[in-house]
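What follows is a set of notes on a single structure, which appears directly below.
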Protein chains: 2
Amino acid sequence: MLINPATLAIVDDHPIVLEGLQKLLTNVKSIQITGCFTSGLAFMSFLKENKVDVLLLDITLPDANGIELCREVKALSPDTHVLALSNHSERSMILQMIQNGATGYLLKNISSEELVACIQEALSGMITFSKGAKEIMARPSISELKGIPQLTKREKEILHLIADGKTTPDIAQQLNLSPLTVETHRKNLIQKFQVRNVAALIKIASQQGLL
Amino acid sequence: MLINPATLAIVDDHPIVLEGLQKLLTNVKSIQITGCFTSGLAFMSFLKENKVDVLLLDITLPDANGIELCREVKALSPDTHVLALSNHSERSMILQMIQNGATGYLLKNISSEELVACIQEALSGMITFSKGAKEIMARPSISELKGIPQLTKREKEILHLIADGKTTPDIAQQLNLSPLTVETHRKNLIQKFQVRNVAALIKIASQQGLL
DNA sequence: TTATTTATACCTGTTTTCAGGTATTTTTGC
DNA sequence: GCAAAAATACCTGAAAACAGGTATAAATAA
């Protein structure tokens, strides 16, 4: 099974973490650490020249935020598996990282065996979470799920059309309704979600998975 | 380890699937099937009277869509672990289910051993995926990640404020800018994302994890 | 240092949205 | 069958957004 060891890079602004991870992973034969960086910019220029199979990425960085960096990495090098390595234990943060192309999410309290196992799983093309992250993901906050207004069929329909950039006259024509009717539905949507305008409406609807 | 077997319910509009799952799970001592339903409505009324530890939920249903049903289930009974069981293999679909409170996602080509393992993992309070689902999750579509316009610091700032429901005058005051300047940024945002109005802008920005 | 991008600001006119209502006809649930 | 909810439609006036420009200072990259 020893063809070529997988290349691994680490981005973390704490040198101590960098040191620790290196020590943990040096005696793993199947993994070769090819670079350690304390800034996103430095890593990106490295990535342009070198192949990286796995990236361990801290989310909080001095120059850029990890979520955007993750997306940039995947856009430049889609085959690089990005594993977020973070203290952030909010469910929404984990979801955002995954949405932006991360192959996994590891909490920093991870054990060394678990770390290696997760890297292996990522290398084999699967999403992976540390135990702690799995537990967080299984516990959706009730507030996220409750307090979601109940929409009628028509309201959902119109919500989607609004989100697609359609204006009231557009929607009225498409659904063969009076523009005044569409306005009423729009107003009810804004009222039900307790927001001020469509911008906030679309944001909340999108975050709650209604679009 | 045999205190009380976990209660499990199944919602799927194909009776054959219902039969098959029942057969697969009857000889598992730690799991007790307490109900099988072919419609979301029927299950919801059952859930009001009975405790359900795990729900195997098909996404495509005649009366409601599984994503919304999942949210309703979690709102009514937060301790019920919902495992999506589906043929849908789109990454976005999986993410939506998770965002709406699902504890896991299983593709229907799952093996019986894997199914039991996933149910056990869900019962122990962790998110879980079938092998196939893990692979899909690890492969973000490139189109999702590329083609994202590059925004300046100011534009990001204003994008967030717009998403929060702030109007141009609001934003101008908050950032000590001329409303006309804010209008320009707003216009540039709409142009960069190639959309018609803020509604579409916020939708796309939200889906790309920029909010 | 020069060229480009970014951030700033302005102008005009049209369209759309939003706030504040009222009101009738269908559905749907009990 | 009756009550409630949903879908329909209307009205007015103010506020905001959008389309279509132009233009200049400051910062940044080549």
Side-chain angles (χ1 to χ4, degrees), chain A residues 39-42 44-45 48 63-64 68 148-205 210, chain B residues 39-42 44-45 48 62-64 68 72 148-205 210:
Chain A
S39 83
L41 214 69
M44 283 307 284
S45 61
K48 276 167 196 156
D63 55 341
E68 280 171 46
I148 289 185
Q150 197 169 315
L151 303 185
T152 68
K153 213 180 239 178
R154 233 352 169 205
E155 284 168 347
K156 280 178 207 161
E157 199 175 9
I158 287 172
L159 175 61
H160 277 97
L161 293 170
I162 293 172
D164 285 340
K166 303 273 168 69
T167 67
T168 294
D170 288 347
I171 297 168
Q173 193 178 24
Q174 187 171 336
L175 301 181
N176 272 94
L177 293 176
S178 158
L180 298 161
T181 304
V182 177
E183 273 287 309
T184 303
H185 285 302
R186 177 193 287 267
K187 215 181 314 185
N188 288 339
L189 281 166
I190 285 174
Q191 208 243 312
K192 280 192 180 181
F193 280 92
Q194 309 236 54
V195 290
R196 291 177 59 185
N197 52 33
V198 275
L201 171 70
I202 299 301
K203 183 195 177 190
I204 196 167
L210 274 75
Chain B
S39 84
L41 213 71
M44 284 306 286
S45 60
K48 277 167 195 156
D63 56 341
E68 281 170 46
E72 284 170 36
I148 289 183
Q150 197 167 317
L151 303 184
T152 67
K153 212 180 240 177
R154 233 351 169 205
E155 283 168 348
K156 279 179 207 162
E157 199 175 9
I158 288 173
L159 175 60
H160 275 99
L161 293 170
I162 292 172
D164 286 340
K166 303 273 169 66
T167 66
T168 294
D170 289 345
I171 297 168
Q173 193 179 24
Q174 188 171 335
L175 301 181
N176 271 93
L177 293 175
S178 158
L180 297 162
T181 304
V182 177
E183 273 286 311
T184 302
H185 285 302
R186 179 194 285 267
K187 216 180 313 185
N188 290 338
L189 281 166
I190 285 174
Q191 208 242 313
K192 279 192 181 181
F193 280 92
Q194 309 236 55
V195 291
R196 291 177 59 187
N197 53 34
V198 277
L201 172 70
I202 299 301
K203 183 196 177 189
I204 196 166
L210 293 158

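Note that the coordinates shown come from a computational prediction; the quantities given were computed from them, not determined experimentally. Letters A, B, ... mirror the listed sequences (proteins, then strands); counts begin at 1.
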One character per nucleotide, please: for nucleotides 13-30 of chain C, 5' to 3', B when the base has a protein heavy atom closer than 4.0 Å, S when only the sugar-phosphate does, - otherwise.
---SSBSBB---------
Between D/dA7 and A/H185, is there an OP1 or OP2 to side-chain N/O distance shorter than 4.0 Å?
no
Whole-Å distance, B/E155 CD to C/dT8 P, equals 10 Å
Please report the distance, rounded to the nearest Å, between CD in B/Q194 and P in D/dA19.
13 Å
Expressed in angstrom and rounded to an integer, what is the separation of B/L189 atom CG from D/dA17 atom P?
13 Å
Do the non-hydrogen side-chain atoms of A/L161 and A/L175 ever get within less than 4.5 Å of each other?
yes
Separation of D/dA26 atom P from B/K153 atom NZ, nearest Å, is 18 Å
Full working for side-chain contact (heavy atoms from CB on, under 4.5 Å) between A/L151 and A/L210
CA-CA 10 Å; A/L151 303 185; A/L210 274 75; 3.7 Å; yes
Nearest heavy-atom approach of A/S178 to A/A172 is C-CB, 3.9 Å
Heavy-atom distance under 4.5 Å between the side chains of B/R154 and B/L177, does that happen here?
yes
For atom CG of A/L180 and atom C1' of D/dA9, their distance in whole Å
6 Å
When rounded to whole Å, the CD to P distance for the pair A/E157 and D/dA7 reads 9 Å
Whole-Å gap separating C1' (C/dT6) and NZ (B/K156):
13 Å
In whole angstrom, what separates A/I162's CD1 from D/dA17's C1'?
15 Å
Angle, rounded to 10°, between the helical axes spanning five pairs at each terminus of the helix from C/dT1-D/dA30 to C/dC30-D/dG1?
80°
Show every donor-acceptor pair shorter than 3.5 Å between a side-chain atom in residues 186-201 of chain A and any protein atom, with sequence neighbours excluded, or say none if there are none.
unit_1: A/R186; atom_1: NE; unit_2: A/T168; atom_2: OG1; d: 3.2
unit_1: A/R186; atom_1: NH2; unit_2: A/T168; atom_2: OG1; d: 3.1
unit_1: A/N188; atom_1: ND2; unit_2: A/T184; atom_2: O; d: 3.4
unit_1: A/K192; atom_1: NZ; unit_2: A/Q150; atom_2: O; d: 2.9
unit_1: A/K192; atom_1: NZ; unit_2: A/E155; atom_2: OE1; d: 2.7
unit_1: A/K192; atom_1: NZ; unit_2: A/E155; atom_2: OE2; d: 3.4
unit_1: A/R196; atom_1: NH1; unit_2: B/D170; atom_2: OD2; d: 3.0
unit_1: A/R196; atom_1: NH2; unit_2: B/D170; atom_2: OD2; d: 3.1
unit_1: A/N197; atom_1: OD1; unit_2: A/A199; atom_2: N; d: 3.3
unit_1: A/N197; atom_1: OD1; unit_2: A/A200; atom_2: N; d: 3.2
unit_1: A/N197; atom_1: ND2; unit_2: B/G165; atom_2: O; d: 3.0

Could you walk me through whether A/I162 and B/K203 pass side-chain contact (heavy atoms from CB on, under 4.5 Å), step by step?
CA-CA 10 Å; A/I162 293 172; B/K203 183 196 177 189; over 6 Å; no
When rounded to the nearest 0.5 angstrom, what is the spacing between CE in A/M44 and CG in A/L41?
8.5 Å
Determine the contact category for A/T181: base if any of its heavy atoms lies under 4.0 Å from a base atom, sugar-phosphate if only primed atoms, P, OP1 or OP2 are that close, otherwise nothing.
base
